[in-house]
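Note sheet for the following structure.
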Amino acid sequence: MDDDQAIRQMKRGEIDGLEHLVRRYQLKAARLAFLITQDEGLAEDVVQDTFLRLFHASQRLDESRPFEAYLMRSVVNASLNVLRRQKKEMHLDVDLREVEGLIHQATSVESQVELAELKQAIFAALGRLSPRQRAVVVQRYYLEMSEKEMAASLQLSRGTIKWLLHGARKRLRALLGVERSAE
């Protein structure tokens, strides 16, 4: 079964369509929600609520558009809404590809300790970004989405995405005390 068939089943009120989509996307959606909320239980609730909302509103789903992008945008928005409602600062603990690569390359215990400290500093700095900035950082560097995909996912202009990423990078550099290298 593909996504389009699953959506058609959901539109007919058949739970099998939802089950297919949950099996296919639940893990990725949960990771995304966790990276934004930094709370495993909250992330699970966000994903479960998102799938249920999509099932109940399945008549409005557009089969001509990719479901995964719509789902991920819904998860990002639901995660940000939960954070807004809770009005609390969340810290992001994300496995950035570059940091993990450096850890695997480390050959000495000292190098691994230094890299662990760097990783902690990066995670702490990410936690000091606004939820919206964290969302774009996660989408860009964790989900490896292009600016165009991010703009479509968040229903923002590419200029807004670039602005958010620029602000997030600038803030991260300032928080980490890293000078900008010539690009």
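No experiment lies behind these values; they were computed from the predicted model shown. Residue numbers run from 1 in the order of the sequence given.
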For Gln133 versus Gly167, what's the shortest heavy-atom pair and its separation? NE2-C, 3.4 Å
Polar side-chain atom of Ser74 near backbone of Thr50 as donor-acceptor pair, under 3.5 Å: no
Within-4.5 Å side-chain heavy-atom neighbours: Gln139 and Leu154: yes
Side-chain heavy-atom pair Ser79, Leu83 within 4.5 angstrom cut-off: no
Please check: side-chain N/O of Gln5 versus main-chain N/O of Asp2, any donor-acceptor pairing under 3.5 Å? yes
Is it true that a side-chain atom of Gln9 and a backbone atom of Gly17 form a donor plus acceptor pair closer than 3.5 Å? yes
Under a 3.5 Å distance rule, please check whether Arg132 uses its side chain to pair with a backbone N or O of Leu164 as donor and acceptor. no
Between Leu176 and Ala121, the two heavy atoms sitting closest are CD2-O, 3.5 Å
Are any side-chain N or O atoms of Glu149 and backbone N or O atoms of Ser146, one a donor and one an acceptor, separated by less than 3.5 Å? yes
Drop me the distance from Leu172's CG to Arg128's CZ, to the nearest 0.5 angstrom. 10.5 Å
pair Phe67-Asp4: side-chain heavy atoms closer than 4.5 Å: no
Heavy-atom pair of closest approach, residues Ala78 and Val46: CB-CG1, 3.7 Å
Contact between Ile161 and Arg140 at the side-chain level, heavy atoms closer than 4.5 Å - yes or no? no
Under a 4.5 Å cut-off applied to non-hydrogen side-chain atoms, are Ile36 and Arg134 in contact? no
Looking only at atom types and distance, does a side-chain atom of Lys162 sit under 3.5 Å from a main-chain N or O of Glu147, one as donor and one as acceptor? no
Under a single-linkage definition using a 4.5 Å side-chain heavy-atom cutoff for Ile, Leu, Val, Met, Phe, Trp and Tyr, are Val82 and Leu52 assigned to the same hydrophobic cluster? no
Do Leu61 and Tyr70 have side chains that get closer than 4.5 Å, going by heavy atoms? yes
Report yes if the side chains of Phe34 and Leu42 come closer than 4.5 Å at any heavy-atom pair, otherwise no. no
Donor-acceptor contacts under 3.5 Å from residues 22-33 side chains, at least two apart:
from  : atom 1 : to    : atom 2 : distance (Å)
Arg24 : NH1    : Asp3  : OD1    : 2.8
Arg24 : NH1    : Asp3  : OD2    : 3.4
Tyr25 : OH     : Asp3  : OD2    : 2.4
Lys28 : NZ     : Glu68 : OE2    : 2.6

Same hydrophobic cluster for Met1 and Leu21, using side-chain heavy-atom links shorter than 4.5 Å among ILVMFWY? no
Do other residues, nucleotides or ligands put more than 12 heavy atoms under 6.0 Å from the CZ atom of Arg12? yes
If hydrophobic clusters are built from ILVMFWY residues whose side chains come within less than 4.5 Å, do Trp163 and Val136 share one? yes
